[in-house]
Chemist: 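Quick one: the structure is below, questions incoming.
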Amino acid sequence: QAKELGRNHFRFYTKDMNEQMAKRARLEKGLRKALDRDELTVHYQPQIDLSTGEITGMEALLRWHHPELGVVSPADFVPLAEENGMIIPIGEWVLRRACVQNKAWLDAGLPPMRMAVNLSARQFQQNNLVEVVKQVLKDTDLPPSYLDLEITESVAMFNESYVIAKLHDLKNLGIKISIDDFGTGYSSLSYLKKFPIDALKIDRSFVAEVMNDTDDAEIIATIISMARNLKVSVIAEGVENEDQLTYLRNQKCTEAQGYLFSKPMDALELQSLLVRI
Ligand code: C2E
Ligand code: MG
Ligand code: MG
Ligand code: MG
């Protein structure tokens, strides 16, 4: 009986694997056409200053409306796009789209906000990244201080002197730089001190467990005090309830982002929210 079960289990497992591989192949094929077919959009999620309650920034989050599969999560297709190189044209498209949008909001007289755009490792390693960012700022006429590029710790760890030089080149354009998903990789205070960064974003996995897990609460407190030492802002991601917010406020976290304030929304939806505020 156990053997029987084992065999069934094995068969189920391989079927599952095959399905996953088939889905992957399908996504990969679709991804190559997604840009041309206008299937990509950008959603925006507000970032709130915890001392004033004002919206100080937005994060641009990519969405893919697959013709048959419906909305595909970036968690499923961004890694694929990184592997097959499509993240380069897609990433540039997001950057441009987000800058155009922020410039439109500025021109419409909304309170000025930073626009945060996620940069994948592959984009960061691209030789002409600085030129691309510079060109997009020029084309869209967005003042550079309203653009914020989010890179992950893993990108920052890649090749220290090369990374520092590149970050300085980006900073010299006048933009902001944040470290995303902070706390999930390895970084020391002395290491971070060498990076010209403006903010640390606390990974949402810590925020999710802050009320149940004292280790996560400690990690958050440590990240906030690291940020204070580095004289950079600290943004908590994935804030979903008041208890989490209270903890973050007590620890003097400067900014927060999460469903408690707003889910990511398309530009029009967000615009009506901004006008109401
Ligand atoms: P991320 O940059 O860490 O983005 C934050 C993610 O947390 C987003 O997921 C957002 O929708 C989600 N989130 C925000 N608030 C909450 C909350 O209160 N609760 C929960 N459970 N989740 C919350 P999303 O949009 O699915 O994006 C996932 C990841 O995909 C992003 O993580 C980022 O790494 C990547 N990504 C998204 N857009 C882009 C892009 O344009 N370029 C690149 N390279 N990566 C992107
Ligand atoms: Mg991000
Ligand atoms: Mg993050
Ligand atoms: Mg993430």
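From a predicted model like this one, the values you see are computed outputs, not experimental measurements. Reckoned from all heavy atoms, side chains included, excluding hydrogens, waters and symmetry mates. Note that ligands are numbered from 1 as they come in the structure, with each ligand's atoms numbered from 1 the same way.
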Chemist: Need the ligand 1 atom indices (1-based, order shown) with element for anything under 4.0 Å from a heavy-atom of Gly258.
Modeler: 15 (N), 18 (O)

Chemist: With a 6.0 Å cut-off on ring centres, are Tyr146 and Trp105 close enough?
Modeler: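 Judged by ring-centre distance (under 6.0 Å), Tyr146 and Trp105 do not meet the cut-off.
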
Chemist: So which of the N, O or S atoms of Asp180 lies nearest the Mg ion (ligand 3)?
Modeler: OD1

Chemist: Can you sort out which atoms of ligand 1 are near Glu240, meaning under 4.0 Å from one of its heavy atoms?
Modeler: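 The atoms of ligand 1 under 4.0 Å from a heavy atom of Glu240 are 17 (C), 18 (O), 19 (N), 20 (C), 21 (N).
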
Chemist: With distance as the sole criterion, is a donor-acceptor pair present between the side chains of Gln47 and Glu255 under 3.5 Å?
Modeler: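 The answer is no; no qualifying pair exists.
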
Chemist: Out of Ser120, Ala256, Pro79, who gets a non-hydrogen atom closest to atom 44 (N) of ligand 1?
Modeler: Ser120

Chemist: Under the 3.5 angstrom rule, does the side chain of Glu83 hit a backbone N or O of Leu80 as a donor-acceptor pair?
Modeler: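 Absent.
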
Chemist: Any donor-acceptor pair under 3.5 Å linking the side chain of Glu92 with the backbone of Pro89?
Modeler: no

Chemist: What part of Arg63, side chain from CB on, backbone N/CA/C/O, both or neither, has a heavy atom under 4.0 Å from ligand 1?
Modeler: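 Answer for Arg63: side chain.
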
Chemist: Does a donor on one side chain sit under 3.5 Å from an acceptor on the other, for Asn18 and Gln20?
Modeler: no

Chemist: Please find the N/O/S atom of Glu59 nearest to the Mg ion (ligand 2) and write down its name.
Modeler: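 Atom name of the closest N, O or S in Glu59: OE2.
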
Chemist: Does the side chain of Thr184 pick up a donor-acceptor pair with the side chain of Asp203 at under 3.5 Å?
Modeler: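 Note: Thr184 and Asp203 side chains miss the donor-acceptor criterion.
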
Chemist: Is it the case that ligand 1 has an N or O less than 3.5 angstrom from some N or O of Gln257?
Modeler: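 By distance alone, the answer is no.
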
Chemist: One residue to check: Gln45. Relative to ligand 1, which of side chain, backbone, both or neither has a non-hydrogen atom less than 4.0 Å away?
Modeler: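 Looking at Gln45 and ligand 1, just side chain atoms fall under 4.0 Å.
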
Chemist: Could you tell me whether Val239 approaches ligand 1 through its side chain, its backbone, both or neither, with non-hydrogen atoms closer than 4.0 Å?
Modeler: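 Val239 to ligand 1: backbone contact only, side chain stays beyond 4.0 Å.
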
Chemist: Would Lys201 and Gln257 count as having a side-chain donor-acceptor pair, cut-off 3.5 Å?
Modeler: yes

Chemist: Taking just the N, O or S atoms of Glu237, which one is nearest to the Mg ion (ligand 3)?
Modeler: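 Sorting the N, O and S atoms of Glu237 by distance to the Mg ion (ligand 3) puts OE2 first.
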
Chemist: Just which atoms of ligand 1 are under 4.0 Å from any heavy atom in Glu237?
Modeler: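 That gives atoms 3 (O) of ligand 1.
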
Chemist: Answer with yes or no whether Glu59 contacts ligand 1, where contact means a heavy atom under 4.0 Å from a ligand atom.
Modeler: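 Within the 4.0 Å threshold, so yes.
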
Chemist: Report yes or no: does Lys263 contribute a side-chain atom to a donor-acceptor pair with the main-chain N or O of Gln45 at less than 3.5 Å?
Modeler: no

Chemist: Under 4.0 Å, counting heavy atoms only: does Pro264 come that close to any atom of ligand 1?
Modeler: yes

Chemist: With Leu50 as reference, evaluate Val234, Thr56, Leu245, Thr254 under the side-chain contact (heavy atoms from CB on, under 4.5 Å) test and give the passing residue.
Modeler: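 Only match with Leu50 under side-chain contact (heavy atoms from CB on, under 4.5 Å): Leu245.
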
Chemist: Is a side-chain N or O of Gln244 found less than 3.5 angstrom from the main chain of Glu240, in a donor-acceptor match?
Modeler: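 Yes; at least one donor-acceptor contact below 3.5 Å.
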
Chemist: Can any side-chain N or O of Asn172 pair as donor or acceptor with the backbone N or O of His168 at less than 3.5 Å?
Modeler: yes

Chemist: Does the side chain of Ile87 come within less than 4.5 Å of Gln123's, by heavy atoms?
Modeler: yes

Chemist: Could you pull out, from Ala60, Pro74, Ser73, Ala208, the option with a heavy atom nearest to atom 28 (C) of ligand 1?
Modeler: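 Selected option, by shortest heavy-atom distance: Pro74.
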
Chemist: Would you check if the Mg ion (ligand 2) lies under 2.8 Å from any N, O or S atom of Ser178?
Modeler: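 No, since none of the N, O or S atoms of Ser178 sits under 2.8 Å from the Mg ion (ligand 2).
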
Chemist: Report the part of Arg204 in contact with ligand 1, treating N, CA, C, O as backbone and CB onward as side chain, heavy atoms under 4.0 Å; options are side chain, backbone, both, neither.
Modeler: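 The side chain, only.
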
Chemist: Kindly identify the option in Thr184, Val94, Ile90, Leu61 whose heavy atom sits closest to atom 41 (O) of ligand 1.
Modeler: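 The residue whose heavy atom sits nearest atom 41 (O) of ligand 1 is Val94.
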
Chemist: Would you say Leu62 has any N or O atom under 3.5 Å from an N or O of ligand 1, going by distance alone?
Modeler: yes

Chemist: So, of the N/O/S atoms that Asp181 has, which is the nearest one to the Mg ion (ligand 3)?
Modeler: OD1

Chemist: What N/O/S atom of Glu150 is the closest to the Mg ion (ligand 2)?
Modeler: OE1

Chemist: Carefully, step by step, assess Ser178 and Asp148 under the rule side chain to side chain donor-acceptor pair (under 3.5 Å).
Modeler: CA-CA 7 Å; Ser178 303; Asp148 178 3; 2.9 Å; yes

Chemist: Would you mind telling me if ligand 1 is within reach of the side chain of Lys201, the backbone, both or neither, using heavy atoms under 4.0 Å?
Modeler: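 Near ligand 1, Lys201 shows nothing, with every heavy atom at 4.0 Å or more.
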
Chemist: Counting backbone and side-chain atoms alike, is an N, O or S atom of Asp203 positioned under 2.8 Å from the Mg ion (ligand 3)?
Modeler: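 Checking Asp203: none of its N, O or S atoms is under 2.8 Å.
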
